[in-house]
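These notes concern the structure reproduced below.
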Amino acid sequence: MESPPESARSSPEAEVGMRVEDLWEIQEPQLSPSEKLNSCFESIFVTSFPQAPSSQVIEIPSDSSLADAVKILSKNKIMSAPVRNLKAPKNASWIDRYIGIVEFAGITVWLLHQSELAASEKGAGSPIKGPITEGIAARLNSVKVKSKDDGITTSVLEATDSMGGTFLETLITSDFYKKTKVQDISGSFRWAPFLALQKSDSFLTMLLLLSKYRMKSLPVVVLGEEKIDNIITRSAVVHMLAECVGLHWFENWGKMKLHELGLPNNRNKIIKVSEDDSIIKAFQLMRKKRIGGVPVVDKTGNKAIGNISIRDVQYLLTAPEMYKGYRSITAKDFMRSIKSYLNTHDDASPRFIGVLTCHSENTIKDIILKLDAEKMQRIYVVDKDENLEGVITLRDIISRLVHEPNGYFGDFFDGVVPLPQNSRV
């Protein structure tokens, strides 16, 4: 892909790149390129990062229902938002003012978890109890699930998936979904409340949290104020890098080929689903492996025909008409339904439904421009015969840009901010 014209240098992202350029030029000559970049990013504060659109810097009240939270996320075309604790005192610090960050993925995983519990009870021969609504319980009760005592093990997943779209439609139209509040599922949030940046933190801190420490987004807080000032995502960082094409520091790094950077680091160990696998299985696999997406492969198991991302779970919650009437929704069915849905909903997001591929001889610059152009989170590496070899994510790219100096975070990640005990996301 071609570099953007010089006129594009007026963007806020390019201005940040120019600051890095100025710092790059005055670094000590004995430093390696990697050390130079670390030093440059350590010298720039996150207050310089371009402001996210106001529609993305929003909060969800803690007493919002799951249904209302989904509407807010969908309306603003965002995947996650901080949850404001309405019970916190007015003078509370930010760490007490928020419960955590809720995501489309988190809501969907929690709902599926409830269905698993119900199906598990059914499989054990017990009457279904708990918060599952009567309509959902009735559907599960109608499914014959044989237990281990019968000599046959039928998975919980098979029990819920056997009802396909009918089950999902019943689930999200239930009082259970409409009345359960966001605060009620706070135990499934990954960080409680969340990791936040202060304006005095450096770009190096930001980049390390988004890569090595697996943060998907980072709110920027101002001590003493009652609001989140900005939200920085991996996608925003990659867009910033795309705007820096042509600058000396970027080209020095961006010209490197994937294999020279040790990418993909999961060569021939890629997690994938078949086109005939159920869509629920795909999302369950992402949850179990803690990954953001999986390729959908053809019957040979080697060639990708599509991609399902964790962000696609929004379609399960916002567009039930897509799978109305399905008995079993396969990955192929799901992708076909998304394509049909997008053709009739111009305002739907995300738009891209294909699969991005590249080769190990491509440069990191090629990959950044491709991912930014399509607003995608991952790209698949294929060989000369288009067989899958591995996957590269935004996190992989950022992790090759900087490295963590010894003792940089001290013992902060050794248990100071642990995962919630019952975290499922």
Side-chain angles (χ1 to χ4, degrees), residues 1-27 36-59 76-82 101 195-211 215-223 225 227-254 349-352 364-377 394-395 397-402:
M1 299 182 68
E2 295 183 0
S3 304
E6 291 299 319
S7 59
R9 294 280 179 242
S10 60
S11 71
E13 292 81 6
E15 290 178 9
V16 173
M18 292 299 292
R19 290 190 62 183
V20 178
E21 184 86 336
D22 292 339
L23 291 167
W24 172 272
E25 297 296 340
I26 62 174
Q27 295 298 313
K36 281 187 177 184
L37 281 178
N38 256 38
S39 179
C40 291
F41 288 122
E42 177 66 4
S43 301
I44 301 176
F45 299 127
V46 295
T47 185
S48 300
F49 198 89
Q51 192 71 26
S54 58
S55 62
Q56 295 184 18
V57 189
I58 64 170
E59 300 173 350
N76 292 281
K77 297 183 179 181
I78 55 177
M79 298 306 296
S80 62
I101 293 180
L195 291 186
L197 294 169
Q198 298 180 31
K199 286 192 171 184
S200 58
D201 285 323
S202 70
F203 265 48
L204 180 59
T205 297
M206 172 191 75
L207 294 171
L208 289 172
L209 289 176
L210 290 172
S211 56
M215 298 297 101
K216 299 175 184 177
S217 62
L218 292 168
V220 180
V221 300
V222 181
L223 296 182
E225 295 187 12
K227 66 182 182 67
I228 292 174
D229 185 71
N230 196 7
I231 292 182
I232 301 173
T233 65
R234 293 176 186 168
S235 296
V237 170
V238 168
H239 178 61
M240 181 197 78
L241 293 174
E243 291 288 290
C244 296
V245 169
L247 295 176
H248 183 207
W249 70 266
F250 177 89
E251 295 295 334
N252 183 277
W253 170 71
S349 178
R351 301 296 305 175
F352 186 81
I364 198 75
K365 171 181 171 180
D366 296 332
I367 305 307
I368 287 173
L369 290 176
K370 219 172 188 181
L371 288 169
D372 183 57
E374 301 294 351
K375 306 304 177 191
M376 293 291 287
Q377 302 278 323
L394 301 185
R395 175 177 170 265
I397 293 173
I398 298 171
S399 69
R400 296 309 192 273
L401 182 64
V402 293

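Count residues from 1 along the sequence.
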**Sequence-distant partners of Trp24, side-chain hydrogen bond (donor to acceptor under 3.5 Å, both in side chains), two or more places apart** = His248

**Asked** Asp22: what forms a side chain to side chain contact (heavy atoms under 4.5 Å, CB included) with it, not counting sequence neighbours?
**Response** none

**Sequence-distant partners of Gln27, side chain to side chain contact (heavy atoms under 4.5 Å, CB included), two or more places apart** = Leu23, Leu31, Lys36, Ser39, Cys40

**Asked** Can you tell me how far CD1 of Ile44 sits from CD of Glu42, rounded to the nearest 0.5 angstrom?
**Response** 10.5 Å

**Approximate separation, where rounding is to 0.5 Å, of Ser211 OG and Ile397 CD1** = 11.5 Å

**Request:** Return yes if some donor-acceptor pair links the side-chain N/O of Arg234 with the main-chain N/O of Met215 below 3.5 Å, else return no.
**Result:** yes

**Message:** For the CD1 atom of Ile364 and the CD1 atom of Ile368, what is their distance to the nearest 0.5 Å?
**Reply:** 5.5 Å

**Message:** Any non-hydrogen side-chain atom of Gln51 less than 4.5 Å from a side-chain atom of Asp229?
**Reply:** yes

**Asked** Would you say Asp201 and Met206 make side-chain contact, with heavy atoms under 4.5 Å?
**Response** no

**Asked** Shortest non-hydrogen contact from Ala242 to Val245?
**Response** O-CG2, 3.3 Å

**Request:** Report the distance from atom CD of Glu243 to atom CZ of Phe250, rounding to the nearest 0.5 Å.
**Result:** 10.5 Å

**Request:** Report the residues that fulfil side chain to side chain contact (heavy atoms under 4.5 Å, CB included) with Ser217, sequence neighbours left out, ordered by chain and then residue number.
**Result:** Ser80, Ile101, Ile231, Thr233

**Request:** Would you please name every residue forming a side-chain hydrogen bond (donor to acceptor under 3.5 Å, both in side chains) with Gln198, sequence neighbours left out?
**Result:** none

**Request:** Please step through side chain to side chain contact (heavy atoms under 4.5 Å, CB included) for the pair Trp253 and Leu241, ending with a clear verdict.
**Result:** CA-CA 11 Å; Trp253 170 71; Leu241 293 174; 4.2 Å; yes

**Request:** Report the residues that fulfil side chain to side chain contact (heavy atoms under 4.5 Å, CB included) with Val16, sequence neighbours left out, ordered by chain and then residue number.
**Result:** Pro50, Phe203, Met240

**Fill in**
Distance col, row Leu208:CG vs Ser202:OG, nearest 0.5 angstrom, shows 8.0 Å

**Request:** May I ask you to test the Val237-Ile398 pair for a side-chain heavy-atom distance under 4.5 Å?
**Result:** yes

**Message:** Quick check: do Ser235 and Gln377 have side-chain heavy atoms less than 4.5 Å from each other?
**Reply:** yes

**Item:** Check: Lys370 and Glu374 side chains under 4.5 Å, non-hydrogen atoms
**Value:** no

**Asked** side chain to side chain contact (heavy atoms under 4.5 Å, CB included) between Leu197 and Ile232: does it pass, once the steps are laid out?
**Response** CA-CA 9 Å; Leu197 294 169; Ile232 301 173; 4.3 Å; yes

**Request:** Calculate, to the nearest 0.5 Å, the distance between atoms CD and CG belonging to Glu21 and Leu247 respectively.
**Result:** 4.5 Å

**Message:** Is any side-chain heavy atom of Pro82 closer than 4.5 Å to one of Ile228?
**Reply:** yes

